[in-house]
Chemist: 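Pasting a structure below so you can have a look.
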Amino acid sequence: MDVAAGPGATARLFAADYDVTVDGVELGEAGVRRARALTAEAGLAAKVRFHVGDAERIPLPAGVFDAAVRECAFCTFPDKTATAGEFARVLRPGGRVGITDVTVAEGGLPKELTTLAAWVACIADARPLAEYAAILDRTRVAHDPHRGPRRGFAADDRRDRARLRLLRMTAPERLCEVGVDVGAVSSYLALAKQAVADGQLGYALLVAQKPS
Ligand SMILES: C[S@@+](CC[C@H](N)C(=O)[O-])C[C@H]1O[C@@H](n2cnc3c(N)ncnc32)[C@H](O)[C@@H]1O
């Protein structure tokens, strides 16, 4: 299962590279339509299905999945404990969790990086690595210190630029309506890059397992 599947790149990658079937769950209906179209184009529709659903209430049965992944979305969830609990619910005993996400140093981010625009850029509610691990440990999946966390990954310049282009092209009026200053996103990205260079922002992989 891939939660917060977006346009489905991660789900398709797993299906193609590991010969598994994947259920993707995504909050946005438009995102799900796009994910389905891209997956059909890639010839993977028999192996990857997408469902509209909230990570806090995953519309799939309990105890059936071998593995659950979440790529770059934990940091955006308002109730991280609820979404971790849902991971535990849908996994079979012994099932594994893999999460990659933005991390912040202990003590959090500078105030300028906690705005709504920074939220759009996926960093405002990122947490220290130890806090993500503690959230997993509080659910019935135990964080596995031998297989993670791994630190690393500098901010991806190309991804940042593409996201910024997309924001400018697709929805500036709607973003303005909800209070996001699109023009300011470039300066947030510059601040974020500095935070990466200063070691305040990072990226990590966490692996966890539901007890057998
Ligand atoms: C960075 S994208 C994930 C990209 C995806 N892993 C891929 O490979 O294409 C994050 C996604 O999380 C979705 N999302 C945010 N909150 C969510 C929630 N509560 N439940 C499900 N999906 C959510 C967003 O709509 C967005 O598509």
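Remember, it's 1-based here, ligands and their atoms both numbered in the order they're listed.
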Chemist: Could you go step by step and tell me if Q200 and V104 meet the side-chain contact (heavy atoms from CB on, under 4.5 Å) rule?
Modeler: CA-CA 5 Å; Q200 278 178 305; V104 296; over 6 Å; no
Chemist: Using a plain distance cutoff, I'd like to know if T76 has any nitrogen or oxygen under 3.5 Å from a nitrogen or oxygen of ligand 1.
Modeler: no
Chemist: So which of E86, R12, E71 gets nearest to atom 4 (C) of ligand 1, if we judge by its closest heavy atom?
Modeler: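 Nearest heavy atom to atom 4 (C) of ligand 1 lies in E71.
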Chemist: Considering the heavy atoms of D54, write down every atom of ligand 1 situated less than 4.0 Å from one of them.
Modeler: 18 (C), 19 (N), 20 (N)
Chemist: Determine, step by step, whether D23 and F65 satisfy the side-chain contact (heavy atoms from CB on, under 4.5 Å) criterion, reporting the C-alpha distance in whole Å, the side-chain angles of both residues, the deciding distance to 0.1 Å, and the verdict.
Modeler: CA-CA 9 Å; D23 284 87; F65 289 96; 3.5 Å; yes
Chemist: Output yes when a side-chain donor or acceptor of K47 lies under 3.5 Å from a complementary backbone atom of L44, and no otherwise.
Modeler: no
Chemist: Near G53, which atoms of ligand 1 are under 4.0 Å from a heavy atom of that residue?
Modeler: 20 (N), 21 (C)
Chemist: Please say whether A11 places an N or O atom under 3.5 Å from an N or O atom belonging to ligand 1.
Modeler: no
Chemist: Distance under 4.0 Å to a non-hydrogen atom of A9: what atoms of ligand 1 satisfy this?
Modeler: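 Near A9, meaning under 4.0 Å from one of its heavy atoms, ligand 1 has 7 (C), 8 (O), 9 (O).
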Chemist: Taking only heavy atoms of A5, which atoms of ligand 1 are found under 4.0 Å from at least one of them?
Modeler: 5 (C), 7 (C), 9 (O)
Chemist: Contact between G8 and ligand 1, counting heavy atoms under 4.0 Å?
Modeler: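 G8 counts as a contact of ligand 1 under the 4.0 Å cut-off.
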Chemist: State the atoms of ligand 1, each with its element, that fall below the 4.0 Å cut-off from a heavy-atom position in C72.
Modeler: 1 (C)
Chemist: Which atoms form the tightest heavy-atom contact between C75 and D125, and what is the distance?
Modeler: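 Result for this residue pair: O-CB, 3.3 Å.
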Chemist: Does a side-chain heavy-atom distance below 4.5 Å link R96 with V207?
Modeler: yes
Chemist: Provide the closest heavy-atom pair for A105 versus P128 in the form atom of the first, atom of the second, distance.
Modeler: O-CG, 4.1 Å
Chemist: Quick one: which ligand 1 atoms are inside 4.0 Å of a heavy atom on P7?
Modeler: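 Answer, ordered by atom number: 9 (O).
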Chemist: Search all heavy atoms of V90 against all heavy atoms of M1 and return the closest pair with its distance.
Modeler: CG2-CE, 3.4 Å
Chemist: Looking at every heavy atom in both G6 and E26, which two are closest together, and how far apart are they?
Modeler: N-OE1, 2.8 Å
Chemist: Could you check whether any heavy atom of E26 sits closer than 4.0 Å to an atom of ligand 1, since that is the contact criterion I want to use?
Modeler: yes
Chemist: From the options C75, A55, A82, select the one whose nearest heavy atom is closest to atom 20 (N) of ligand 1.
Modeler: A55
Chemist: For G6, take its heavy atoms, then give the atoms of ligand 1 lying under 4.0 Å from any of them.
Modeler: 27 (O)
Chemist: Y18 vs F14 aromatic rings, parallel, tilted or perpendicular, using cut-offs 30° and 60°?
Modeler: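 Tilted.
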